[in-house]
Peer 1: 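Questions regarding the structure given below will be posed in turn.
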2 protein chains.
Amino acid sequence: MADRLPPLTALRAFDAAARHMSFAAAAAELNVTPAALSFQIKSLEEHLGQPLFRRLTRAVELTEAGRALAPGTADGFAALARAWRAARRVGDTTSLTVTAGPAFTAKWLAPRLFGFARAHPEVQLRLAAGLSIMDFDRDEVDVALRFGYSTGDAQDLYETCLIREWMTPMATPELAAQIGSPADLAGMTLLHQDDTQFLDPPGNWAAWFRAAGMAAPEEAGPRFSQADHALDAALGGAGVVLGRISLAQDDIRAGRLVMPFDLSLTTEAHYRFICPKGAETRPHIAAFEAWLHSELEQITDLDTGRCFVAAADIAP
Amino acid sequence: MADRLPPLTALRAFDAAARHMSFAAAAAELNVTPAALSFQIKSLEEHLGQPLFRRLTRAVELTEAGRALAPGTADGFAALARAWRAARRVGDTTSLTVTAGPAFTAKWLAPRLFGFARAHPEVQLRLAAGLSIMDFDRDEVDVALRFGYSTGDAQDLYETCLIREWMTPMATPELAAQIGSPADLAGMTLLHQDDTQFLDPPGNWAAWFRAAGMAAPEEAGPRFSQADHALDAALGGAGVVLGRISLAQDDIRAGRLVMPFDLSLTTEAHYRFICPKGAETRPHIAAFEAWLHSELEQITDLDTGRCFVAAADIAP
DNA sequence: GGCCATGGTCAAGAATTTCTTATCTGTGCC
DNA sequence: GGCACAGATAAGAAATTCTTGACCATGGCC
C-alpha cells in the first residue's frame, strides 16, 4: 500500500511548483490560489513523511526527496500530456500530419500538395520530412509514407502499397545524346545514391549493369545521401543517375531528363502508405489515401514499352 | 486550453481499465465500485469528445482513440510511480542499495559485507552488480561505486575518492618462483583483462613493460572481460596477471598470489563513491561511506616498499 | 424457452477532496 | 518603521468522486 501513488492533484501541484520553483507561479499555472497550492504540497509531504521543499524567506528550494521526485513527475506528466494530445488528434478531422522521406517529399509530394489542398480545403496538411519518425503517438504524426519492404509484423498498423518502383539511367537530353549503348556509360560520370543501397538486393549501378549483361565499371563518381540531390545533380548535367521513376516523373515528362534505355530495374521494395490501424477510415485520412492512389496511378503511363528486370533475379 | 490534461483520476481509471481490459477488474484494482469507474470513463470520454471503449456484450475493447491513449498513460503513470518510489527511498534509513562493478563486488565488497552487516544490523544492504546502472532514481539505487575518472561535470552528485589503484604482475607462488626478471615474463602466459583497457592511458601489459624499460612481448594469451575472472585464472595457475591491488588484496595477504616485482603501475583512475548530492548525510549512507573508507585504508599497507610509475608518464 | 450469472450503466445522495476567502507570519528593503 | 512579498493557516464553500441500489443486455445452462 505504501507504494501506491499519492493523490494525483497533489503530485501535479508539486510538479508545477518544482518547475517554477515558486508556489505562487505554480498556483497561477494551475489557476488556483496560492493557498490551495500550499495545501496540496503540504498534504503530499504528509503522505511522504518528509518535506519536499525547504521554505526560505522569499523562495523555496527542493530537499533531497524533492530532487528525487521532481524529474520523474515532469516525465510522467509530460507522457500523459503527450498521450492526451495523441488521443485528441484522433478526433480531429481538420489537420493531417504526414511524414515522408526527404526525396519523395521534395520531388513528388510537395509539388502536388496544392492539388490536394484545392480538392480538400477543409484539411490542413502538415509535412514532416524525415526517415526516422515512426511512432505515431509520440511524434504526433497521422500518416507515414515509406519506401522499403513491408515488415508485416506490425500488428496495429494499416499498410497499403502505393506504387511499384523501378530504376533506369537518366540524364539531360544533351548528355543522353552521347549515349548509344550501355558500354558508353563506362566513360561517363555516374551519380550514386545511398538510399537505395540498403535494399536487399541493392538497387544500384552494379545491379543495373549486371542486368544489361556487362561488368559494372569501377565504383566512382559522387555519392549522395538523398536521392533527390542525385537527381538535381543529373538535372544540372553533372552525370548520369540511376533514377527512381517516382521521383523523376515530372522531370521526364517535362523533357528535362530522358531515359536512354528501355532496361529498368525493379525491386521488391514499395512505397507504402502507413497509419495506425483504424485511422484509415477517418474521413480526411481516407481522402488523403484516395488522392495519393489516384495521383500515383498516372505514373503507370511511363511503364509502357519498358523492359523490366527484377534486381532479385540478377543478384550475383 | 484544450491541450490541458483532463481530470487525473479519470485518466488513472482509464489506465487501469485499459490494462485489465475490464471495468470490473479496474474498479477492483482501484478499490472503487464498478459504477464509479464507469462514471470516470464516461467523463473522460466527454472531455475527449469521443468514446475510448467500445462496449461489447460482456467485454470492452479500445477504440482507435483508446489505442492512441493507452500506451501513453501506462508510461506516464509508471513514471510517476517510479518517481514516488524514488522519493520514498530518500526517507528510508533501513535499506541501502549499492551498485558496483562485477569485479569489485566479487573480490572486495562481497567478502567484507558481513562485517558491515554486523556493525550496522539495522541496515539492509542490497547489491546490484553491473557497470551501466547510473540513474539513481530510475534504477532505485542509493550508492554507486565506480572505477574510472571523475567527470566533474555532474552537478548534482556527491563524489569522493576511495583509493588510489595500482597494478603489478601477480602469479601463484609456484609460477612466481620461475620469474627472476621482467624478461622471464616473455616466455610465460600473460592474462589480459579488458576493463582497464579503456583507461587513457590504458593500464595494460604494454604499459607495464614500457615502465620496466623493455619492449612488450607480442599481445597473446587469454583475454577476460572482467578483471575478477583474470584473477581467478591466475589463482588457478593459468598464467601471470597484471593484477589490480584492490581486487587482489585478500589473495596476496593469504599468500595465494605473490608480486614478483616492486614495479607498480599507477593510474589517474580512482575508485569513487557516488551518490545523489545531499544523500551523503543520510545516516545509513554516511555509515556506509565511513565503513568503506576505514576498510580501504588497510590496503595502504601494501604500498610500502613499492616503486610506482604513472601510466601517463610512460605513454608511448 | 426460461433463468441466472456476468459485465456494464444510471441516478440520487453521501462522502471526500479540493478550493477560496480572509487572516497571519516572517523577512528583506526603502 | 512600514511596506511588499512569499508562503501558511483555518473555516467554510464548492466541486469532485464515490456508494448504494436500482436497471439492462447478452450468453450460457438447465
Side-chain angles (χ1 to χ4, degrees), chain A residues 1 4-63 65-67 69-70 73 77 80 84, chain B residues 1 4-63 65-67 69-70 73 77 80 84:
Chain A
M1 287 296 127
R4 271 261 284 302
L5 280 172
L8 293 171
T9 16
L11 263 190
R12 186 170 42 177
F14 168 80
D15 176 53
R19 273 185 290 108
H20 293 293
M21 283 312 263
S22 151
F23 288 11
E29 178 188 304
L30 299 174
N31 290 316
V32 296
T33 54
L37 203 116
S38 174
F39 176 83
Q40 292 292 356
I41 301 283
K42 198 182 160 202
S43 100
L44 194 62
E45 291 177 327
E46 259 160 35
H47 268 271
L48 185 62
Q50 61 176 319
L52 290 161
F53 286 98
R54 197 166 303 120
R55 276 80 165 172
L56 307 178
T57 149
R58 58 199 338 154
V60 288
E61 68 178 36
L62 289 166
T63 61
R67 284 199 304 276
L69 185 56
T73 55
F77 286 112
L80 293 180
W84 187 244
Chain B
M1 289 306 119
R4 271 263 285 303
L5 279 173
L8 293 171
T9 15
L11 262 190
R12 186 170 42 177
F14 169 80
D15 177 53
R19 274 186 289 108
H20 293 293
M21 284 311 263
S22 151
F23 288 12
E29 180 188 304
L30 299 175
N31 290 317
V32 295
T33 55
L37 201 116
S38 175
F39 176 85
Q40 292 291 356
I41 301 283
K42 201 183 155 200
S43 100
L44 193 63
E45 291 177 326
E46 261 159 34
H47 267 271
L48 185 61
Q50 61 177 316
L52 290 161
F53 286 99
R54 197 167 301 121
R55 276 77 165 174
L56 306 178
T57 142
R58 58 199 337 154
V60 288
E61 67 178 36
L62 289 166
T63 61
R67 285 200 304 276
L69 185 57
T73 56
F77 285 114
L80 293 180
W84 187 244

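The sequence lines fix the lettering, A, B, ..., with proteins before strands; numbering per chain opens at 1. Just so we're clear, the structure is a prediction, and the values are computed from it rather than from any experiment.
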Peer 1: D/dT9 P sits how many Å from A/Glu46 CD, rounded?
Peer 2: 10 Å
Peer 1: Need to verify one output field. Residue with the more 5' nearest nucleotide on DNA chain D, A/Phe39 or A/Ala59?
Peer 2: A/Ala59
Peer 1: Quick one: does A/Thr63's side chain get under 4.5 Å of A/Gln50's, heavy atoms only?
Peer 2: no
Peer 1: How long is the line joining CG of A/Leu8 and C1' of C/dT16, in whole Å?
Peer 2: 15 Å
Peer 1: Return the nearest nucleotide to the side chain of B/Thr9; candidates are D/dG7, D/dT19, D/dT17.
Peer 2: D/dT17
Peer 1: side-chain contact (heavy atoms from CB on, under 4.5 Å) for B/Leu52 and B/Leu62? Distances and angles first, verdict last.
Peer 2: CA-CA 6 Å; B/Leu52 290 161; B/Leu62 289 166; 5.6 Å; no
Peer 1: Which one, D/dA10, D/dT17, C/dT9, comes nearest to the side chain of B/Pro7?
Peer 2: D/dT17
Peer 1: Quick one: is A/Arg55 getting a side-chain N or O under 4.0 Å of the D/dA6 phosphate, OP1 or OP2?
Peer 2: no
Peer 1: Whole-Å distance between D/dT16 P and A/Arg12 CZ?
Peer 2: 12 Å
Peer 1: What is the separation between atom CZ on B/Phe23 and atom P on D/dC24, rounded to the nearest whole Å?
Peer 2: 20 Å
Peer 1: Between D/dG7 atom P and A/Leu37 atom CG, what is the distance in whole Å?
Peer 2: 9 Å
Peer 1: If you measure from CG on A/Leu44 to CZ on A/Arg12, what distance do you get to the nearest 0.5 Å?
Peer 2: 13.0 Å
Peer 1: Whole Å only: how far is the CD atom of A/Glu45 from the C1' atom of D/dA8?
Peer 2: 12 Å
Peer 1: Give the rounded distance in Å between these two atoms: NE2 of A/His20 and P of D/dC5.
Peer 2: 19 Å
Peer 1: To the nearest Å, how far apart are B/Phe53 CZ and C/dG7 P?
Peer 2: 15 Å
Peer 1: Of the nucleotides D/dA8, C/dT9, C/dG8, which one has an atom closest to the side chain of A/Ser38?
Peer 2: D/dA8
Peer 1: Between B/Trp84 and A/His47, does a side-chain contact (heavy atoms from CB on, under 4.5 Å) hold up when you go through it step by step?
Peer 2: CA-CA 11 Å; B/Trp84 187 244; A/His47 268 271; 4.1 Å; yes
Peer 1: Please work out if B/Ala24 contacts a base, only the sugar-phosphate, or nothing of the nucleic acid, heavy-atom cut-off 4.0 Å.
Peer 2: sugar-phosphate
Peer 1: Any side-chain N or O of B/Gln40 below 4.0 angstrom from OP1/OP2 of D/dT16?
Peer 2: no
Peer 1: With respect to the side chain of A/Lys42, which nucleotide from D/dT19, D/dT9, D/dT17 is positioned closest?
Peer 2: D/dT9
Peer 1: Which nucleotide, C/dT20, C/dG8, D/dT17, lies nearest any side-chain atom of B/Ser22?
Peer 2: C/dG8
Peer 1: Search all heavy atoms of A/Leu30 against all heavy atoms of A/Ala16 and return the closest pair with its distance.
Peer 2: CD1-CB, 4.1 Å
